[in-house]
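Below is one structure, written out as structure tokens; comments come after it.
Chain A is the first sequence line, chain B the second, and so forth, proteins listed ahead of strands; every chain is numbered from 1.
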Amino acid sequence: MMELNNVRTRFAPSPTGRFHFGNANTALFNWLIARRYGGVVVLRMEDTDTERSTKEYERLIIADLEWLGIDWDEGPLKGGDFGPYYQSERGGIYEDYTKKLLESGAAYKCYCTKEELDHAREEARSSGSPDVFNCGCRAMSDDERIKKESEGDAFSVRFMTPKNDRIVLNDLLRGPIEFDTNDIDDFIIARSDGSPTFLLTNAVDDALMKITHVVRGEDHISNTPKQMLVNRTLGLHVPEYLHTAMILGQDRTKLSKRHGAVSVFQFREKGYLPESMVNYLAFLGWNPKDDREFFTIRELAEAFSIEAMSKAPSVFDEARLHYLNAYWMKTIDRSRVVKMWVDYLVERGYVTADEAETKRGWIQRIVEISAERVKILSDIDEYADFFFKDVESYDEKGAKKHFSKENAADNIAMVKSELASVEPFNHDGIEKMYVRLKEEKGLGANQTIHPVRLALTGKTFGPSLFELMELLGRDVCLARLDRAEKHIRETSASV
RNA sequence: GCCCUCAUCGUCUAGUGGUUAGGACACCGCUCUUUCAAGGCGGCGGCAGGGGUUCGAGUCCCCUUGGGGGCGCCA
């Protein structure tokens with residue numbers, strides 16, 4: 001077992017969109033490493049892109065983290081000794097370091113415009129130039145520089161990447177990864193409006209916030225040598241790095257919006273439990289090396305180890321998430337499930353908020369008999385809608401099978417009249433009635449159960465018919481049977 | 001084009017030189033059952049290819065192929 005001491009990890013989302021699966025995956029691994037090895041988690045908002053960052057996204061990202069149960073020890077809402085934890089409030093720090101780099105000659109001003117750069121880049125690539133693109137500003141003479149300066153031309157600041165050097169990233173998961181600095185361009189650390197970029201802020205803050213382990217997606221591997229270079233020339237601490245495997249869509253490309261639902265929120269909306277999400281997310285890039293497949297976040301924190309992480313990217317598979325959700329829906333407190341049902345029913349207009357309150361006991365009983373089938377909240381539409389609204393249509397195949405028999409209408413009429421007088425009108429009473437029907441008239445499920453289920457629910461599947469009748473109540477059952485009987489007589493007459 | 005990275009069933013994965021290559025999801029049967037679901041039982045299906053190393057390679061090395069990521073005044 002790898003031994004880590006005084007671990008400080010961080011997650012550093014930029015509030016430019018909703019928290020998606022990839023973010024949640026790396027956030028979880030940061031959390032897991034800190035929790036497993038007795039460390040601290042820092043949350044840092046990387047809101048340097050003023051164009052796209054919003055306070056609203058910040059709020060939503062925090063809400064998603066809280067929902068998932070991923071907490072943090074330092075950062076927004078928590079404070080800490082290494083703040084501020086919003087990069088937008090750390091401008092002075094970045095300015096100082098940029099200045100330092102500029103003064104020491106480790107960075108230089110680039111006067112190229114965006115258009116010039118785009119053009120040059122295009123040319124370089126189409127001509128198949130093997131060298132990384134660098135503009136002429138790196139080699140600009142002092143005279144020229146002074147001239148540009150006096151003209152007041154806008155400039156960005158580029159890091160002067162050393163030539164002919166090698167830089168080795170000792171990835172905690174992947175081992176040494178070697179880079180030739182000739183393959184690294186002179187990246188921009190400050191934009192022409194003076195604002196710092198990720199390559200600088202992220203690296204500097206990790207050092208300043210005393211982050212010991214930077215755990216982030218594989219897509220950052222090529223950024224890491226740049227940031228190591230920045231910190232090294234600045235005399236700042238260089239943390240350990242661990243690059244996690246990416247999550248891919250079904251088409252095996254980086255998970256993005258075009259793959260459909262990718263934000264944590266969207267899955268929450270669909271009715272997935274945070275337990276399932278965390279459980280699933282943890283298994284994308286880690287596994288316990290035994291047959292256990294269900295873990296709470298606490299259990300994960302205990303079982304987790306870096307050695308058991310995998311390097312290969314994995315494809316997101318909702319079927320698996322769905323399966324886990326079925327398990328957690330059965331496993332969590334039933335009262336929580338009832339609460340979720342109530343919220344869902346009200347939200348979808350099945351019941352009003354008042355009804356939900358007064359009929360809570362009744363809803364709870366419906367949950368009890370439907371829980372096995374409702375693997376995800378939205379299954380309510382499929383399995384339990386008939387409790388809350390009238391039957392609008394009958395399943396086509398079911399109707400063909402159960403409503404087209406010769407005595408179908410008569411059988412339904414008979415059950416209807418029996419039901420009118422059965423006492424007590426509950427599961428046991430109805431079951432006794434059915435047993436009697438079978439004994440006295442020899443009528444089985446095909447005559448008296450399946451057609452009745454179809455009449456009452458419109459479906460050929462669902463919970464126990466007797467319990468379902470009890471919960472529907474006598475009046476509703478009689479009315480629906482009556483309607484079905486008429487329906488059958490009408491349709492058979494027209495044939 | 002250049003750099004980096006990864007590679008066991010369709011998917012998530014176990015495997016650390018000797019296994020009938022194991023599990024889970026999905027799918028398909030059977031079973032249970034008033035239906036469906038759940039459960040139980042079973043089935044389908046995999047080491048990308050080629051060279052080495054070795055008595056012996058899914059496991060080690062090399063090459064090829066394939067996948068992924070990066071090459072922004074996004075993060």
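- Taking atom C1' on both nucleotides, B:G69 is separated from B:C28 by 37 Å, rounded to a whole Å.
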Quick one, A:L324 with A:Y272, criterion side chain to side chain contact (heavy atoms under 4.5 Å, CB included). Give me CA distance, side-chain angles, the key distance, then yes/no. CA-CA 9 Å; A:L324 291 173; A:Y272 284 104; over 6 Å; no

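- The residue A:I177 sits close only to the backbone: its heavy atoms come under 4.0 Å of sugar-phosphate atoms, none of a base.
- Distance from the side chain of A:E293 is smallest for B:A24 among the nucleotides B:U34, B:A75, B:A24.
- For A:Y383, taking side-chain heavy atoms from C-beta onward, the closest of the listed nucleotides B:C36, B:C6, B:C25 is B:C36.
- In this structure, OH of A:Y94 is placed 11 Å from P of B:A75, rounded to the nearest angstrom.
- Side-chain atoms of A:R174 come within 3.5 Å of backbone atoms of A:H243 as a donor-acceptor pair (strictly under, hydrogens ignored).
- Taking atom CG on A:D171 and atom C1' on B:G69, their separation rounds to 14 Å, with Å as the unit.
- Of the residues listed (A:D205, A:D49, A:D47), the one engaging A:Q87 in a side-chain hydrogen bond (donor to acceptor under 3.5 Å, both in side chains) is A:D205, and it is the only one.
- Between B:G52 and B:A57, the distance separating the two P atoms is 11 Å to the nearest Å.
- A:P463 comes within 4.0 angstrom of a nucleotide base, judged by non-hydrogen atoms across all strands.
- Taking atom C1' in both B:G18 and B:U33, one finds a spacing of 48 Å when rounded to whole Å.
- Side-chain N/O atoms of A:K254 include one lying less than 4.0 angstrom from OP1 or OP2 on B:G70.
- Listed nucleotides: B:C74, B:G23, B:G68. Nearest to the side chain of A:D291: B:G23.
- When the side-chain nitrogen and oxygen atoms of A:S310 are compared with OP1 and OP2 of B:U13, one or more of them lie within a distance under 4.0 Å.
- Base pairing annotation: B:A37 forms no Watson-Crick or G-U wobble pair, as no partner gives both donor-acceptor distances under 3.5 Å.
- With a 6.0 Å radius and a threshold of 12 heavy atoms from other residues, nucleotides or ligands, A:K397 has its NZ atom at or below the threshold.
- Closest contact between the side chain of A:R252 and the listed nucleotides B:G67, B:U35, B:A75 involves B:G67.
- Using a 4.0 Å heavy-atom cutoff across all strands shown, A:G249 reaches no nucleic acid atom at all.
- Between B:C12, B:A75, B:G68, one nucleotide has an atom nearer to the side chain of A:T253 than all others, and that is B:G68.
- At the phosphate of B:A75, neither OP1 nor OP2 sits under 4.0 Å from any side-chain N or O atom of A:R216.
- At a threshold of 4.0 angstrom between heavy atoms, the contacts of A:E178 are confined to the sugar-phosphate backbone, with no base atom among them.
- In this structure, the nucleotide among B:C73, B:C12, B:U5 sitting nearest to the side chain of A:R174 is B:U5.
- In the interface, the side chain of A:S464 is paired with the base of B:U34 through a donor and an acceptor atom under 3.5 Å apart.
- Within 4.0 Å of A:K459, counting heavy atoms only, lies no atom of the nucleic acid at all.
- No engagement by A:T201 is indicated, since no non-hydrogen atom pair under 4.0 Å with the nucleic acid exists.
- Each of A:N223, A:N202, A:T244 was evaluated against A:R216; a single residue qualifies, A:N202, per the side-chain hydrogen bond (donor to acceptor under 3.5 Å, both in side chains) test.
- Within 4.0 Å of A:S192, counting heavy atoms only, lies at least one base atom of the nucleic acid.
- Partner of A:D186 under the side-chain hydrogen bond (donor to acceptor under 3.5 Å, both in side chains) criterion, chosen from A:K226, A:R158, A:R138: A:R138.
- Stacking between A:F466 and B:U34 is present: the aromatic ring centre lies within less than 5.5 angstrom of the base six-membered ring centre, and the two planes differ by under 30 degrees.
- Distances shown here put a side-chain N or O of A:K375 below 4.0 Å from the OP1 or OP2 atom of B:A38.
- Using a 4.0 Å cut-off, no side-chain N or O of A:R292 falls inside it from OP1 or OP2 of B:U13.
- Proximity of A:K289 to the phosphate of B:A14: a side-chain N or O atom is located under 4.0 Å from OP1 or OP2.
- Put simply, CG on A:N223 is 9 Å from P on B:G70, counting in whole angstrom units.
- Set against B:G70, B:A75, B:G10, the side chain of A:S222 has B:G70 as its closest nucleotide.
- Within 6.0 Å of NZ in A:K438 there are 12 or fewer heavy atoms belonging to other residues, nucleotides or ligands.
- Of all heavy-atom pairs spanning A:S53 and A:T48, the tightest one is OG-N, 4.5 Å.
- Contact annotation for A:T16: no contact, since no heavy-atom pair falls under 4.0 Å across all strands.
- Remark: A:K330 is not in phosphate contact with B:A38, judged by side-chain N or O atoms under 4.0 Å from OP1 or OP2.
- Within 6.0 Å of the CD atom in A:E89, the count of heavy atoms belonging to other residues, nucleotides or ligands exceeds 12.
- B:A7 and B:U59 are spaced 13 Å apart, taking the C1' atom of each and rounding to whole Å.
- Relative to the side chain of A:Y323, the nucleotides B:C25, B:C6, B:U11 differ in distance, and B:C25 lies closest.
- The CG-P distance, from A:N325 to B:A38, rounds to 14 Å in whole Å.
- Side-chain atoms of A:R320 stay outside donor-acceptor range of the base of B:C12, with no qualifying N/O pair under 3.5 Å.
- Residue contacts shown for A:S14 are limited to sugar-phosphate atoms, with no base heavy atom under 4.0 Å away.
- Atom CZ in A:F179 sits roughly 13 Å away from atom P in B:C71 (whole-Å rounding).
- With distances taken from any side-chain atom of A:S314 to the nucleotides B:U13, B:A37, B:C74, the minimum falls on B:U13.
- For B:U13, neither phosphate oxygen OP1 nor OP2 lies less than 4.0 angstrom from any side-chain nitrogen or oxygen of A:N287.
- Comparing B:A14 with B:C55, their P atoms sit 30 Å apart, to the nearest whole Å.
- A:H243 comes within 4.0 angstrom of nothing in the nucleic acid, heavy atoms only.
- In this entry the distance linking CG of A:L200 with P of B:A75 reads 11 Å, nearest Å.
- Residue A:C112 is classed as a base contact, given a heavy-atom separation below 4.0 Å to a base.
- Within the nucleic acid shown, A:R453 comes within 4.0 Å of at least one base atom, counting heavy atoms only.
- In a base pair of the Watson-Crick type (N1 to N3 plus N6-O4 or O6-N4) or a G-U wobble (N1-O2 and O6-N3), with each distance short of 3.5 Å, B:G72 is matched with no nucleotide.
- The separation between A:Y280 atom OH and B:U13 atom C1' is 12 Å, rounded to whole Å.
- Pairing for B:C25 goes to B:G10, judged as Watson-Crick or G-U wobble with the two contacts each under 3.5 Å.
- If you check every strand for non-hydrogen atoms under 4.0 Å, A:L465 touches a base.
- Using P as the reference atom, B:G50 and B:G68 are 23 Å apart when rounded to the nearest Å.
- The two residues A:P463 and A:F386 have their closest heavy-atom pair at CD-CZ, 4.2 Å.
- In this structure, OH of A:Y272 is placed 12 Å from C1' of B:C25, rounded to the nearest angstrom.
- For A:D219, taking side-chain heavy atoms from C-beta onward, the closest of the listed nucleotides B:G69, B:U34, B:G67 is B:G69.
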